[in-house]
Amino acid sequence: MSDPNLVYLDGNDGEKMIIPASFVLMSAAKHIASNCNQQNYNFLVCKRNDEHPEKCLAEGTAVRSCTHGVVREVYKRCPSSFLTFAGCMSDNLNRFEHCKPQQAEFEKCLSESQKK
């Protein structure tokens, strides 16, 4: 399943990976925030304590890896509703208020997939 608004890369495992453009990240933001909280915190603490960017590369890599993992997981669990929500976000300049029905369907799908 693909969406013309999304750009895909071939992952190391042969699966298609969504390149996390802003509308993809915004669509998964709630889940990224809850699943990557510790990685984000560690990165911010590092940045606050050291102004040299190279000192926080490991923490930045951990944030990126977690974010990609969350996007991959929500896409794997609910591809259709995720793509519909992300497409709506793309079409509406990342304004959640214009995509509430699509967001609700996506959240419902994720909730139901956790019960399985």
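Here, residue 1 is the first one in the sequence, and each next residue gets the next number.
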Item to check | Rounded distance [0.5 Å steps], SG in C99 versus CD in E105 | outcome: 13.5 Å
Item to check | ring-ring contact (aromatic ring centres under 6.0 Å, His included) involving F106 - partner list, sequence neighbours excluded | outcome: H31, F82, F85
Next on the checklist: Counting neighbours of CD on E51 that are heavy atoms of other residues, nucleotides or ligands and sit closer than 6.0 Å, is the number greater than 12?
Outcome noted: no
Item to check | N94 versus S22, closest heavy-atom pair with distance | outcome: ND2-OG, 3.2 Å
Item to check | Co-membership, hydrophobic cluster, residues V74 and L83, 4.5 Å side-chain | outcome: yes
Next on the checklist: If I take atom CD from residue Q114 and atom CG from residue L110, how far apart are they, to the nearest 0.5 angstrom?
Outcome noted: 7.0 Å
Item to check | Contacts of type salt bridge (Lys or Arg N to Asp or Glu O under 4.0 Å), residue E73, not counting sequence neighbours | outcome: none
Item to check | Separation of D91 CG from F23 CZ (nearest 0.5 Å) | outcome: 9.0 Å
Item to check | Over all atoms of both residues, closest heavy-atom pair of S113 and C78 | outcome: OG-SG, 4.4 Å
Checklist entry - By side chain to side chain contact (heavy atoms under 4.5 Å, CB included), which residues pair with C56, not counting sequence neighbours? => result F43, C46, K47, E59
Next on the checklist: Do R64 and Q39 make a side-chain contact, defined as non-hydrogen atoms from C-beta onward lying under 4.5 Å apart?
Outcome noted: no
Next on the checklist: Once rounded to the nearest 0.5 Å, what's the spacing between atom CD1 of I32 and atom CG of N37?
Outcome noted: 12.5 Å
Checklist entry - Atom CD in Q103, atom CD in E97: separation rounded to 0.5 Å? => result 10.5 Å
Item to check | Side chains of E107 and K30 in contact at under 4.5 Å (non-hydrogen atoms) | outcome: yes
Checklist entry - At what distance, to the nearest 0.5 angstrom, does NE2 of H52 lie from CG of L57? => result 13.0 Å
Next on the checklist: Under a 3.5 Å distance rule, please check whether T84 uses its side chain to pair with a backbone N or O of S81 as donor and acceptor.
Outcome noted: no
Next on the checklist: If hydrophobic clusters are built from ILVMFWY residues whose side chains come within less than 4.5 Å, do V70 and Y75 share one?
Outcome noted: yes
